[in-house]
Q: 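A single structure is presented below for examination.
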Amino acid sequence: MIVSDVAEGQALLRELVVESDCIAGFTGAGISTESGIPDFRSKNSSWHRHPPMPFDQFMASEDARVEAWKRKFAMDDMHGGARPNAGHRALANLVARGRMNAVITQNIDGLHVASGVPEEQVIELHGNGTYATCLVCGIRHELKDIRQRFEATGKPAKCLCGGIVKTATISFGQSMPQEAMQRAQVATMQCDLFLAIGSSLVVYPAAGFPLLAKDNGAKLVIINREETALDEAADLVLRTGIGDVLGPFAEPGSLN
Ligand code: NAD
C-alpha cells in the first residue's frame with residue numbers, strides 16, 4: 001500500500017508501532033537532508049563536487065590522500081555543524097520508550113547518537129565520518145588534530161605507529177565491518193516491524209536487511225519521498241517527507 005497523505009500515513013504508522021513488540025530502524029542519507037546534509041541523489045549535491053574517494057585510490061599515493069582530506073574538510077566546512085532533526089528525534093524517542101531496539105544506519109554523520117540514541121543501540125554499517133582511525137593499529141584520531149597538522153604542513157595524517165590514518169568510514173572497495181553486520185543481522189531477525197527511512201535501498205549489502213526482515217516475518221514500512229528499489233516488498237510505503245510524517249513521534253508524550 002502506498003500512501004502519500006501525511007495524516008493518513010501517520011495514523012497507519014502509529015497503528016503498526018502500537019501493535020509491534022520490537023521495532024528495528026534502518027536509515028539512509030535521506031533522514032539527514034532535513035539537517036542540511038545532502039544525499040547522493042539530490043541535484044547539485046555537494047557530494048558530487050567532493051566525492052568520497054574509493055579505498056584503493058586512497059591507499060595508492062600520498063597525493064591521493066591529500067586530495068581525500070581536502071574533500072573531507074571542504075564537506076565539513078559546509079555540513080560539519082549539522083544537528084539532528086525531527087526524524088532523528090522520533091527514532092530516539094522510540095528507542096527511549098523501549099519500542100525500538102536498534103537503529104541500523106548507512107549514514108556516517110553521527111546524528112543518531114547526537115539525537116540521544118545510546119551508542120550501543122546505533123549500528124553504523126558504513127562507519128563514522130566524525131573521527132578517524134589508523135589503518136594499522138586502529139587507534140582513534142580526532143579530526144581537529146589532523147586538520148591542524150594538514151593545514152600547517154600540507155601532509156596527510158600519519159599515526160605514531162607509522163600507519164595511514166583515514167576517516168572511520170567504510171569507503172567503496174573496503175570490506176564491511178563484521179561486528180556491525182552481525183549486530184544488524186541480530187536486530188533485523190529480532191524485530192516484528194522494520195522501518196526503512198530515507199534510503200534508496202540500492203546499496204548492498206546494507207539494502208539486504210529490509211528483505212531479511214520481511215522474509216523473517218516482520219512488517220516492512222518504507223518512508224521515502226520517492227520510489228525505492230524495494231517498494232513492492234513493503235507492507236506500507238509512506239511517500240512523504242520524513243520530518244512531516246515522523247514529526248509527531250518525536251514528541252515525548254506521543255507514544256503513551
Ligand atoms: P541515497 O542518497 O541513495 O538515497 C536517499 C533517499 O532518501 C532518496 O531515495 C531520497 O528520495 C530520500 N530522501 C531524501 N530526503 C528525504 C526527505 N526529507 N524525506 C523523504 N525522503 C527523502 O542514500 P542511501 O540510500 O543512504 O545511500 C547512499 C550512501 O551514501 C550510503 O551508503 C551512505 O553511507 C552515504 N551517504 C551518507 C550521508 C550521511 O551520512 N548523511 C550523506 C550522503 C551519503
Side-chain angles (χ1 to χ4, degrees), residues 26-33 36-80 82 104-112 122-147 149-151 153-159 161-185 198-210 228-230:
F26 175 91
T27 64
I31 197 167
S32 294
T33 57
I37 306 175
D39 59 16
F40 275 158
R41 275 141 236 278
S42 315
K43 270 192 203 142
N44 305 321
S45 171
S46 43
W47 291 103
H48 302 152
R49 293 194 300 283
H50 309 287
M53 188 174 280
F55 188 62
D56 56 353
Q57 201 181 331
F58 181 85
M59 295 304 285
S61 72
E62 183 160 299
D63 284 352
R65 291 190 282 283
V66 168
E67 173 59 25
W69 283 110
K70 275 188 191 160
R71 292 180 194 174
K72 165 66 181 156
F73 297 139
M75 288 300 280
D76 281 358
D77 285 345
M78 278 182 275
H79 310 299
I104 305 165
T105 187
Q106 301 174 85
N107 295 345
I108 57 170
D109 54 30
L111 291 183
H112 288 300
V122 177
I123 303 169
E124 293 173 325
L125 296 176
H126 296 161
N128 190 308
T130 65
Y131 62 94
T133 50
C134 170
L135 292 174
V136 175
C137 71
I139 201 169
R140 174 172 168 145
H141 293 257
E142 301 308 324
L143 296 179
K144 179 171 63 64
D145 304 332
I146 293 174
R147 186 165 186 167
R149 183 172 179 272
F150 184 78
E151 284 172 354
T153 66
K155 299 248 181 234
K158 259 207 165 156
C159 186
C161 80
I164 291 172
V165 173
K166 178 184 167 294
T167 52
T169 51
I170 305 299
S171 300
F172 186 72
Q174 213 172 351
S175 36
M176 294 294 284
Q178 285 312 307
E179 198 206 331
M181 287 296 285
Q182 273 164 14
R183 287 173 59 214
Q185 178 152 4
S199 173
S200 52
L201 300 174
V202 293
V203 179
Y204 280 83
F209 289 110
T228 81
L230 299 183

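Below, each value reflects all heavy atoms present in this structure, side chains not excepted, and no hydrogens, waters or symmetry copies. Everything numeric here is computed off the predicted structure, so don't read it as measured data.
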Q: Could I get the full list of ring pair (Phe, Tyr, Trp, His ring centres under 6.0 Å) partners for Phe150, not counting sequence neighbours?
A: Phe73
Q: What distance do Lys72 atom NZ and Leu143 atom CG have between them, rounded to the nearest 0.5 Å?
A: 5.5 Å
Q: Does a side-chain heavy-atom distance below 4.5 Å link Phe172 with Val203?
A: no
Q: What side-chain donor-acceptor pairs closer than 3.5 Å can you find for residues 132-141, not counting sequence neighbours?
A:
from, atom 1, to, atom 2, distance (Å)
Arg140, NE, Glu142, OE2, 2.8
Arg140, NH2, Glu142, OE1, 3.4

Q: Within a strict 4.5 Å, meaning less than it, do heavy atoms of the Phe209 and Met181 side chains meet?
A: yes
Q: If I compare all heavy atoms of Ser199 with all of Thr228, which pair ends up nearest, and what's the gap?
A: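 Here Ser199 and Thr228 meet closest at O-CG2, 3.6 Å.
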Q: Run the salt bridge (charged side-chain N to carboxylate O under 4.0 Å, His left out) test against Glu179 and tell me which residues pass, sequence neighbours left out.
A: none
Q: Given side chains that start at C-beta, do those of Glu124 and Gln106 come closer than 4.5 Å, heavy atoms only?
A: no
Q: Check this for me, if you would: do Arg149 and Asp145 make a salt bridge, where the nitrogen-to-carboxylate-oxygen distance has to be below 4.0 angstrom?
A: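 So Arg149 does not pair with Asp145 through a salt bridge.
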Q: Nearest 0.5 angstrom please: Arg71 CZ to Met53 CE, how far?
A: 4.0 Å
Q: If you measure from CG on Asn107 to CD1 on Ile37, what distance do you get to the nearest 0.5 Å?
A: 7.5 Å
Q: Nearest heavy-atom pair of Val202 and Ala229: which atoms, and what distance?
A: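 The answer is CG1-CB, 3.8 Å.
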Q: Please examine the side chains of Lys155 and Glu62, heavy atoms only from C-beta on, and report whether any two atoms are closer than 4.5 Å.
A: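 Touching, per the 4.5 Å side-chain cut-off.
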Q: Could you check if a side-chain atom of Gln174 sits within less than 4.5 angstrom of a side-chain atom of Ile170, using non-hydrogen atoms only?
A: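 Touching, per the 4.5 Å side-chain cut-off.
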Q: Could you grab the distance from atom CD1 of Ile31 to atom CG of Asp109, nearest 0.5 Å is fine?
A: 9.0 Å
Q: Over all heavy atoms of both residues, which pair between Val66 and Pro156 is shortest? Give the atoms and the distance, please.
A: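 Shortest heavy-atom separation between Val66 and Pro156 comes out as CG2-CD, 3.6 Å.
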Q: For the CD atom of Glu67 and the CD atom of Gln57, what is their distance to the nearest 0.5 Å?
A: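 So the CD of Glu67 and the CD of Gln57 are separated by 8.5 Å.
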Q: Taking all non-hydrogen atoms of both residues into account, name the closest pair between Val165 and Phe58 and its distance.
A: O-CZ, 3.6 Å
Q: Are the side chains of Pro52 and Thr169 in touch, meaning some heavy atoms are under 4.5 Å apart?
A: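 They are not in contact (no side-chain heavy atoms under 4.5 Å apart), so the answer is no.
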Q: I'd like to know if the side chain of Asn128 reaches the main chain of Thr130, judged simply by a donor and an acceptor atom lying under 3.5 Å from each other, with no hydrogens or angles considered.
A: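 At least one qualifying donor-acceptor pair exists.
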Q: Tell me, do Ile108 and Thr167 make a side-chain contact under 4.5 Å, heavy atoms counted?
A: no
Q: Which heavy atom in Trp69 sits nearest to a heavy atom in Ala157, and how many Å separate them?
A: NE1-N, 4.2 Å
Q: Would you name the heavy atoms of Met176 and Pro205 that are closest together and state the gap between them?
A: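 Closest heavy-atom pair between Met176 and Pro205: CG-CG, 3.8 Å.
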Q: Can you tell if the side chain of Ser171 reaches within under 4.5 Å of the side chain of Lys166, non-hydrogen atoms only?
A: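 The answer is yes, as the side chains (C-beta and beyond) meet within the 4.5 Å cut-off.
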Q: If you round to the nearest 0.5 Å, how far is CD1 of Ile123 from CD of Gln185?
A: 11.0 Å
